[in-house]
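When reading the values below, keep in mind they use all heavy atoms of this one structure, side chains included, and skip hydrogens, waters and symmetry mates.
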2 protein chains.
Amino acid sequence: MPAANAQEDATADGGQDSLPATAQRLLTGAIACFASKGYQASTTRDICNEADLSAGALYVYFESKEHLLFELVQRAHRDVLVALEALAPAEPGAEADLLVAQIRTLTHWHVDNHLRARVAQTELPNLRGDHLAAVRRQRTSIEALLRSTVVAGCESGVFRCADPQLFVRATLSLCIDVIRWYNPGGHYGADDLARSNVDILHTYLQHAGQ
Amino acid sequence: MPAANAQEDATADGGQDSLPATAQRLLTGAIACFASKGYQASTTRDICNEADLSAGALYVYFESKEHLLFELVQRAHRDVLVALEALAPAEPGAEADLLVAQIRTLTHWHVDNHLRARVAQTELPNLRGDHLAAVRRQRTSIEALLRSTVVAGCESGVFRCADPQLFVRATLSLCIDVIRWYNPGGHYGADDLARSNVDILHTYLQHAGQ
DNA sequence: GTCTATAAGTTGATAGAC
DNA sequence: GTCTATCAACTTATAGAC
């Protein structure tokens, strides 16, 4: 995982990309705007202002306000996928370690990038049809990664699970929904939330149907 | 629970209120608009149109577009609270029955009213300061109801739970997040989702820390 | 109570100076 | 590449006819 600012991250990239510095500033400004007022209520002027640019400059780097949103949402999902794929694959019979790592990674990523994550989750319906379809494919990949861990664990006998599909959705619900609760100045930190999610989900897989 | 339409509910009220029929129609139209396009992207003309009224008629019944949203969100939360308060209180030592009923009620309500629920959850940040504060109080009441069940169960020894506060948040995450997954024509019904949520959450309370 | 007309302001996006 | 100026369209909310 990148050394993300645990207090509040408003950067547009995990640090592994090639986008003009000004475009990055626009993405960062857009995250701040969208997170506080929502996509529709944020004007292109607001975004340019946040990036210390004037009204028309946005259109040098992005075809439209919607293209900017797509870039932002698409990169957030890509970064989650990259973080999950960086985890060591599971030895047969040791799927619990991988699943715990996946839950921890997901929770930490969403807490550490809670502004980007909130925008990426909340403003999804504002994407154009083909852009939405592209992000849906990324989301399907993330779901598939988790499901294969759960299914493998069930087959090797270390997990019990009535319905892996519903369990994976519950996992994503818990790990993503922290962006709605999480408050950087609050009582709970990323570790607390990750531990809670691991406890609840892993306990189920150990004791389901008993 | 009221006999809600399990396919798709777009009515504005649980059936227990005193609002002019035209105002109800406006609320119902607003739910359809907000659910499909979002609050900011829905114009007052869209809403009036959906209610078979002309441009200015909205302002006879609501001070502003934001007041209409508040009415809608506030009523959704009130109905959830009413449904939870209708459950029989727990005998000491039998808190599991109440918690299971609460989880089932929450999941079913959000599935049966998934359009209203989606609007009430998603468009919350568009409320004015004082209106948002009022809804936050309702949400605190819902959280407190669940927490008292969990805490009572821990004290009577039928539950184990490392942190009731985090567990209640996880419960709400799971029961509410179904509005993002749920598809009326899809493979899973309200009963499936409720059973899955009960399984995951109750299994944890029975086996936590073992 | 519902309608049409309109006010007053804002929007996304473009054109052309520098 | 960035700026300012501007377009055409659309927004919420109000006023006054019926």
Side-chain angles (χ1 to χ4, degrees), chain A residues 12-13 17-73 119 122-132, chain B residues 12 17-73 119 123-132:
Chain A
D13 186 33
D17 214 274
S18 51
L19 218 64
T22 313
Q24 287 279 2
R25 249 167 56 218
L26 280 165
L27 281 181
T28 304
I31 291 169
C33 288
F34 296 164
S36 68
K37 295 187 295 187
Y39 171 77
Q40 299 275 358
S42 302
T43 71
T44 53
R45 283 168 179 80
D46 291 335
I47 298 168
C48 289
N49 203 44
E50 198 78 24
D52 285 313
L53 289 169
S54 279
L58 187 149
Y59 296 91
V60 176
Y61 298 96
F62 301 98
E63 278 188 45
S64 70
K65 184 180 154 187
E66 191 272 344
H67 275 81
L68 189 156
L69 175 65
F70 172 61
E71 196 66 35
L72 198 162
V73 174
V119 172
T122 309
E123 308 298 353
L124 216 85
N126 290 308
L127 288 177
R128 241 175 40 188
D130 55 335
H131 287 162
L132 182 56
Chain B
D17 214 272
S18 51
L19 218 64
T22 312
Q24 288 279 1
R25 248 167 55 218
L26 281 164
L27 281 181
T28 304
I31 291 168
C33 289
F34 296 164
S36 68
K37 295 188 294 189
Y39 172 77
Q40 297 276 0
S42 302
T43 70
T44 53
R45 282 172 177 78
D46 291 335
I47 298 167
C48 289
N49 204 43
E50 197 78 22
D52 286 314
L53 288 170
S54 279
L58 187 150
Y59 296 92
V60 177
Y61 298 96
F62 301 97
E63 279 187 46
S64 70
K65 185 180 153 187
E66 190 273 343
H67 275 80
L68 187 155
L69 176 65
F70 172 60
E71 196 66 33
L72 198 162
V73 174
V119 172
E123 308 298 353
L124 215 86
N126 290 307
L127 288 176
R128 242 175 39 190
D130 55 334
H131 287 162
L132 181 57

*Asks:* Give the ring-plane orientation class for B:His131 versus B:Phe70, where under 30° counts as parallel, over 60° as perpendicular and anything between as tilted.
*Replies:*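 Judged by the thresholds at 30° and 60°, the geometry between B:His131 and B:Phe70 is parallel.
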*Asks:* For B:Leu68 and D:dT11, give me the distance from atom CG to atom P, rounded to whole Å.
*Replies:*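 Interatomic distance, CG of B:Leu68 to P of D:dT11: 17 Å.
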*Asks:* Apply the side-chain contact (heavy atoms from CB on, under 4.5 Å) test between B:Phe34 and each candidate in B:Asn126, B:Val73, B:Asp46, B:Leu68; give the one that qualifies.
*Replies:* B:Leu68
*Asks:* Does A:Val119 offer a backbone N or O that forms a donor-acceptor pair with the side chain of A:Tyr39 under 3.5 Å?
*Replies:* no
*Asks:* Take the protein atom CD1 of A:Ile47 and the nucleotide atom P of D:dT2, then report the distance between them rounded to whole Å.
*Replies:* 16 Å
*Asks:* Is the phosphate of C:dG1, meaning OP1 or OP2, less than 4.0 Å from a side-chain N or O of B:Tyr59?
*Replies:*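 So the side-chain polar atoms of B:Tyr59 never come under 4.0 Å of the phosphate oxygens OP1 or OP2 of C:dG1.
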*Asks:* Whole Å only: how far is the CD atom of A:Glu66 from the C1' atom of C:dA13?
*Replies:*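 Spelled out: CD on A:Glu66 to C1' on C:dA13 is 14 Å.
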*Asks:* When you check the phosphate oxygens OP1 and OP2 of C:dT4, does a side-chain N or O of B:Ser54 lie under 4.0 Å from one of them?
*Replies:*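 It does, given that an N or O in the side chain of B:Ser54 lies less than 4.0 Å from OP1 or OP2 of C:dT4.
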*Asks:* Among C:dT2, C:dA13, D:dT2, which nucleotide sits nearest the side chain of B:Leu53?
*Replies:* C:dT2
*Asks:* How long is the line joining CG of B:Asp52 and C1' of C:dG1, in whole Å?
*Replies:* 15 Å
*Asks:* State which of C:dG12, D:dT11, C:dC3 makes the closest approach to the side chain of B:Ala57.
*Replies:*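 Among the listed nucleotides, the one closest to the side chain of B:Ala57 is C:dC3.
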*Asks:* Could you tell me whether A:Phe62 contacts a base, only the sugar-phosphate backbone, or nothing, with contacts defined as non-hydrogen atoms closer than 4.0 Å?
*Replies:*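 Nothing, no heavy atom under 4.0 Å.
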*Asks:* A:Glu63 or A:Asp46: which one's nearest nucleotide on DNA chain C is closer to the 5' end?
*Replies:*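 Looking at the nearest nucleotide for each, A:Asp46 comes out on the 5' side.
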*Asks:* Are any of A:Thr44's side-chain N or O atoms less than 4.0 Å away from OP1 or OP2 of C:dG12?
*Replies:*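 Answer is yes, contact under 4.0 Å.
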*Asks:* What nucleotide among C:dG12, D:dT4, D:dG1 has an atom nearest to a side-chain atom of A:Ala55?
*Replies:*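 Minimum distance to the A:Ala55 side chain belongs to D:dT4.
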*Asks:* Looking only at side-chain N and O atoms, does B:Thr22 come under 4.0 Å of OP1 or OP2 in C:dT2?
*Replies:*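 So the side-chain polar atoms of B:Thr22 do come within 4.0 Å of the phosphate oxygens OP1 or OP2 of C:dT2, strictly under.
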*Asks:* Respond yes when some side-chain nitrogen or oxygen of A:Ser64 is under 4.0 Å from OP1 or OP2 of C:dG12, and no when none is.
*Replies:* no
*Asks:* Roughly, in whole Å, what's the span from CG in A:Leu26 to P in D:dT2?
*Replies:* 9 Å
*Asks:* Report yes if some heavy atom in the side chain of A:Leu26 is under 4.5 Å from a heavy atom in the side chain of A:Ile47; otherwise report no.
*Replies:* yes
